[in-house]
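As C-alpha cells, the structure follows; a few thoughts come after it.
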Amino acid sequence: MDSKNIKNEEVIFETHNIFKSIRNKILLDNVSFKLFKKSFHVIIGHNGAGKSTLFNICSGNDKKYTGDIYFKNQNINLVKIKKSFLYFNTNLSFPTWWNVLEYIENFFYFFNNKNLSTRNIIEKLKEYGLEDKIKSNPNLLSSGEKKKISIVLIELLKPELVFLDEPDSNLDIDARKFIYKKLRNIANDGSSIFISSHYSTEIKDYVDYITFINEGKITNSKINDEKRMDE
C-alpha cells in the first residue's frame, strides 16, 4: 500500500504472510495488510477468493494457519482481552429464546458488563426502521433486517475493531448504501471497520481503503483517494 499519505495514521491491526492450505489447495497465499485506526477498510473479491477464510483467521475463529497477526503492535496470540474485537459472519443466526430487544440487551451486557436502557435500544431500532421488530424472533427476520441488527450492536457497543464478512450480501442497492453510510459514521466516531464485499462500485464512496483479493492473493491495496478528496 502506498504509504505517502498514511505516515501519520496509526496501525491497529496487521497481518504478515498469512498462509493457509487444505489438502494441497492454497486458500490464502502470504496475505499481508494493515488496518488503521478510525478507518473504514474493505476487501473485495469474488466467491472463493479467500475473504471468509481470511476473516475467520483475523477474528480468531481459525487458528490453523502460518504467519503472524498483530493487534496494536502485540502478537494476537498474546492478547489476553479480546473484547476490543467484534465479528459478524455472512450468515447471521441468533439464540431462539430471545426476541430482538432481549438479544441486544444481553449481547450488550455480555460484551461490556453494563446495562443499556430499553429506551436507548428502542430509539436506535427506530433509526434503523426496526421498531416493529422489537418483540420478534431475530432468526425470522429478513436478511437485511438481520444485518441491520448487527450494525445496531456495533453502533451501541463502539468496539475498537470490527470484522464484518459481507454485511451487504443479498441486499438491494438502497439497503447496501444505508449500511455503508452507517459504517462510515461508526468509523468517524472512532471504531476501525474491516468488511468484505463483492461490490466495488457503490462502496468506494464510503471507504478509506480498498484491498482486492483473488485466489487467495492480495492483488492490490490502496488508499481510496476519491473518498478522501471529498472530505
Side-chain angles (χ1 to χ4, degrees), residues 1-3 6 9 11-37 39-79 82 84-93 143 147 150 159-171 176 179-180 183 187 192-204 206-227:
M1 181 181 288
D2 182 2
S3 61
I6 57 177
E9 297 190 54
V11 175
I12 187 171
F13 186 91
E14 58 187 309
T15 68
H16 293 178
N17 301 318
I18 299 300
F19 181 89
K20 182 178 177 66
S21 64
I22 296 178
R23 294 186 292 275
N24 296 321
K25 178 179 173 58
I26 296 175
L27 302 180
L28 294 175
D29 191 358
N30 295 315
V31 170
S32 300
F33 64 89
K34 295 180 180 180
L35 304 179
F36 297 91
K37 283 190 174 181
S39 70
F40 186 2
H41 192 135
V42 62
I43 187 165
I44 294 173
H46 57 72
N47 286 333
K51 302 189 303 298
S52 294
T53 301
L54 178 61
F55 271 64
N56 277 323
I57 289 172
C58 289
S59 60
N61 292 326
D62 182 353
K63 301 187 182 297
K64 295 181 179 179
Y65 65 91
T66 61
D68 297 299
I69 298 177
Y70 296 89
F71 175 62
K72 296 198 291 191
N73 297 317
Q74 185 176 16
N75 189 291
I76 198 70
N77 295 319
L78 302 177
V79 176
K82 295 185 179 179
S84 299
F85 298 8
L86 195 58
Y87 168 66
F88 291 102
N89 61 24
T90 305
N91 300 311
L92 295 168
S93 61
S143 177
K147 292 173 190 293
S150 67
E160 285 189 83
L161 180 60
V162 178
F163 298 104
L164 290 168
D165 191 8
E166 297 186 2
D168 51 7
S169 64
N170 302 316
L171 303 182
R176 291 198 298 270
I179 284 178
Y180 299 153
L183 292 174
S192 303
I193 309 293
F194 185 43
I195 77 167
S196 64
S197 179
H198 296 292
Y199 305 100
S200 59
T201 302
E202 303 127 28
I203 201 168
K204 65 181 177 58
Y206 301 89
V207 299
D208 300 301
Y209 302 97
I210 303 172
T211 296
F212 294 91
I213 187 169
N214 184 47
E215 296 182 349
K217 294 182 179 181
I218 298 294
T219 59
N220 190 18
S221 193
K222 63 181 183 179
I223 300 170
N224 186 13
D225 289 321
E226 292 183 33
K227 171 67 179 64

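All values below come from the heavy atoms of this structure, side chains included, with hydrogens, waters and symmetry mates left out.
- Checked against ring pair (Phe, Tyr, Trp, His ring centres under 6.0 Å), Tyr70 has the following partners two or more places apart in sequence or in another chain: His16.
- Contact of the Ile195 side chain with the Pro167 side chain is registered, since non-hydrogen atoms from C-beta on lie closer than 4.5 Å.
- Separation of atoms CD1 (Ile210) and CD1 (Ile44) is listed at 5.5 Å; rounding is to 0.5 Å.
- Here the shortest heavy-atom pairing between Ser169 and Ser143 reads O-OG, 4.1 Å.
- Residues that satisfy the ring pair (Phe, Tyr, Trp, His ring centres under 6.0 Å) test with Phe40, not counting sequence neighbours, are absent from this structure.
- A donor-acceptor pair under 3.5 Å is absent between the side-chain atoms of Lys64 and the main chain of Ser21, judged by distance alone.
- In terms of heavy atoms, Ile193 sits closest to Leu183 at CG1-O, 4.0 Å.
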I would like to know whether Ile12 and Ser192 meet side chain to side chain contact (heavy atoms under 4.5 Å, CB included); could you show each step before the answer?
-> CA-CA 8 Å; Ile12 187 171; Ser192 303; 3.7 Å; yes

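- In this structure, the separation between CD1 on Ile76 and CD on Glu14 is 11.0 Å, given to the nearest 0.5 Å.
- Between Lys20 and the choices Thr53, Asn56, Asp62, Asp29, the side chain to side chain donor-acceptor pair (under 3.5 Å) rule is met once, by Asp62.
- Taken from CD1 in Ile26 to NZ in Lys217, the straight-line distance is 7.5 Å, to the nearest 0.5 Å.
- The aromatic rings of Phe13 and Phe163 sit perpendicular, their planes meeting at an angle over 60°, well past the 30° parallel limit.
- Val31 pairs with exactly one of Leu54, Ile43, Ile57 by the side chain to side chain contact (heavy atoms under 4.5 Å, CB included) rule, that one being Leu54.
- Looking at Lys147, its side chain does come within 3.5 Å of a backbone N or O of Glu166 through a donor-acceptor pair.
- Between Leu28 and Gly50 the shortest heavy-atom distance is CD2-O, 3.6 Å.
- Between Leu171 and Arg176, the shortest heavy-atom contact is O-NH1, 2.6 Å.
- Environment of CD in Glu202: crowded, with over 12 heavy atoms of neighbouring residues, nucleotides or ligands closer than 6.0 Å.
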Go through the steps for Asp208 and His41 under the test side chain to side chain donor-acceptor pair (under 3.5 Å), then give the verdict.
-> CA-CA 6 Å; Asp208 300 301; His41 192 135; over 6 Å; no

Just do the ring pair (Phe, Tyr, Trp, His ring centres under 6.0 Å) check on Phe85 and Phe71 with the steps written out, would you?
-> CA-CA 10 Å; Phe85 298 8; Phe71 175 62; 4.6 Å; yes

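- Note that NZ of Lys37 is 11.0 Å distant from CG of Leu161, once rounded to the nearest 0.5 Å.
- The nearest pair of heavy atoms linking Ile69 to Cys58 is CD1-CA, 4.3 Å.
- Phe194 pairs with exactly one of Tyr87, Phe36, Phe33 by the ring-ring contact (aromatic ring centres under 6.0 Å, His included) rule, that one being Phe33.
- Between the side chains of His198 and Asp168, no donor-acceptor pair is found at a separation under 3.5 Å.
- Every side-chain contact (heavy atoms from CB on, under 4.5 Å) that Ser32 has, sequence neighbours left out, goes to Asn17.
- With rounding to the nearest 0.5 Å, the separation of CG in Leu164 from OG in Ser197 is 11.0 Å.
- When all heavy atoms of Ser52 and Asp165 are compared, the pair lying nearest together is OG-OD2, 2.6 Å.
- Between the OG1 atom in Thr66 and the CG atom in Asn30 there is a gap of 7.0 Å [rounded to 0.5 Å].
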